[in-house]
Structures are given as structure tokens and as C-alpha cells.
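To keep things clear, I will list the structure first and then write my remarks on it.
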Amino acid sequence: MNAWAYLSLAILAEVIATSALKASSGFSQLWPSIVVIAGYGTAFYCLSLALRSVPLGIAYAIWSGAGTALIALIGVVLYKQRLDAAAICGIGLIIAGVLVLNLFSKSSAH
């Protein structure tokens, strides 16, 4: 599997773990707590594999940007949280930053 696939899996696992973190109610709920531990373990393992060929700064920028945007979306959909205009603008800027890194940066190892 290539590094970008590992990075994508790392982001997905981290988003699942973070979503379950809220459902774990401070680790007082067994199954969501197990999902948190398994998700973060999978996320960091996949991230370590992606870092074999993706530069650290690029991988972390993509990981954190994509994770932030996805968690915000999950917060809206699953937890009925509301985003104001500033939050939407900020998330849009994060997504734009990830796109700039991937499409225009020579630092990114494609």
C-alpha cells in the first residue's frame, strides 16, 4: 500500500477515535472507549507507515487539517453542534491550505 493510502487510513482512524471519545463519556462507556484506543492505535501505526516517504510537516498538516474538517462535520451531523460563520470560514481556510500543500508544494512527495 502506498504512503498516501496509509495517511488516509490514519486520518479515518483518528476521526473515528475522536468521535468515539465524545461517546465514551470520559472513558466510562466500555465500547466507545475500546473504539478510542483501537482507533488511535491504528491511526498512529498508519501515520508511522506514511512517514516512511511523506515528509513529516506535510503529513502532519494534512492529518490535522483533514481531521479537523471531518470532526467539525461529524459534530454537526452526529452531535447537532452548530458552526458559525467564523468557524465555517476557518475550516474552509484549513481545507484550502491542505489543497495548496498537495497541489502546489514541491515539499510534498507524490
Side-chain angles (χ1 to χ4, degrees):
M1 192 178 314
N2 78 27
W4 297 105
Y6 281 123
L7 183 56
S8 297
L9 286 174
I11 292 166
L12 179 64
E14 188 264 338
V15 167
I16 290 169
T18 301
S19 298
L21 190 58
K22 180 160 177 65
S24 78
S25 297
F27 288 99
S28 65
Q29 303 297 315
L30 178 62
W31 291 110
S33 298
I34 290 170
V35 171
V36 170
I37 293 165
Y40 282 128
T42 301
F44 284 111
Y45 176 71
C46 289
L47 180 61
S48 73
L49 296 176
L51 291 175
R52 289 178 176 170
S53 59
V54 178
L56 177 62
I58 299 298
Y60 196 75
I62 294 168
W63 156 293
S64 61
T68 299
L70 289 170
I71 285 298
L73 181 64
I74 287 170
V76 169
V77 172
L78 292 182
Y79 298 109
K80 307 300 183 221
Q81 298 170 346
R82 298 176 58 103
L83 299 176
D84 60 12
I88 292 168
C89 181
I91 292 167
L93 291 169
I94 291 168
I95 292 168
V98 169
L99 289 172
V100 166
L101 279 172
N102 276 295
L103 297 175
F104 303 110
S105 175
K106 291 185 181 7
S107 298
S108 181
H110 287 281

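From a predicted model like this one, the values you see are computed outputs, not experimental measurements. For the numbers below, each heavy atom of this structure counts, side chains included, while hydrogens, waters and symmetry mates do not.
- Within a 6.0 Å radius of CZ in Phe104, other residues, nucleotides and ligands contribute 12 heavy atoms or fewer.
- Going from atom CD1 of Ile94 over to atom SG of Cys89 covers 10.0 Å, rounded to the nearest 0.5 Å.
- When all heavy atoms of Ala61 and Ser64 are compared, the pair lying nearest together is O-OG, 3.4 Å.
- The minimum heavy-atom distance linking Ser28 with Ser33 is given by the pair N-OG, 4.3 Å.
- Every residue meeting the side chain to side chain donor-acceptor pair (under 3.5 Å) condition with Thr18, not counting sequence neighbours, appears here in chain and number order: Glu14, Tyr40.
- Hydrophobic clustering keeps Tyr6 apart from Leu56 (ILVMFWY residues linked when any side-chain heavy atoms are closer than 4.5 Å, directly or through intermediates).
- Residue Ile37 holds its CD1 atom at 11.5 Å from OG1 of Thr42, rounded to the nearest 0.5 Å.
- Here Val35 sits in one hydrophobic cluster together with Leu12, Ile16; the rule is ILVMFWY side chains under 4.5 Å apart, joined directly or through other members.
- Within the 4.5 Å cutoff, side-chain heavy atoms of Leu47 are placed close to those of Trp63.
- A continuous path of ILVMFWY side-chain contacts below 4.5 Å connects Leu101 to Leu7, so both sit in one hydrophobic cluster.
- When the side chains of ILVMFWY residues are joined at heavy-atom separations under 4.5 Å, either directly or via intervening members, Ile88 and Ile95 end up in a single hydrophobic cluster.
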Step-by-step side-chain contact (heavy atoms from CB on, under 4.5 Å) determination, Trp4 to Asn102: CA-CA 11 Å; Trp4 297 105; Asn102 276 295; 3.9 Å; yes
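- Looking at Leu9 and Met1, their side chains come closer than 4.5 Å, going by heavy atoms from C-beta outward.
- Considering CG of Asn2 and OG of Ser8, their distance stands at 8.0 Å, rounded to 0.5 Å.
- For the atom pair CD1 (Ile91) and OG1 (Thr68), the distance works out to 8.0 Å, reported to the nearest 0.5 Å.
- Phe27 is listed as a side-chain neighbour of Val36, based on a closest heavy-atom distance under 4.5 Å.
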side-chain contact (heavy atoms from CB on, under 4.5 Å) evaluation trace for Ser19 with Ile71: CA-CA 7 Å; Ser19 298; Ile71 285 298; 3.8 Å; yes
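- Annotation: the span from Ser24 atom OG to Leu30 atom CG amounts to 10.5 Å, rounded to 0.5 Å.
- Distance check: Lys22 NZ to Gln29 CD gives 12.5 Å after rounding to the nearest 0.5 Å.
- The hydrophobic cluster containing Phe44 also contains Ile11, counting ILVMFWY residues as joined when their side-chain heavy atoms lie under 4.5 angstrom apart, directly or transitively.
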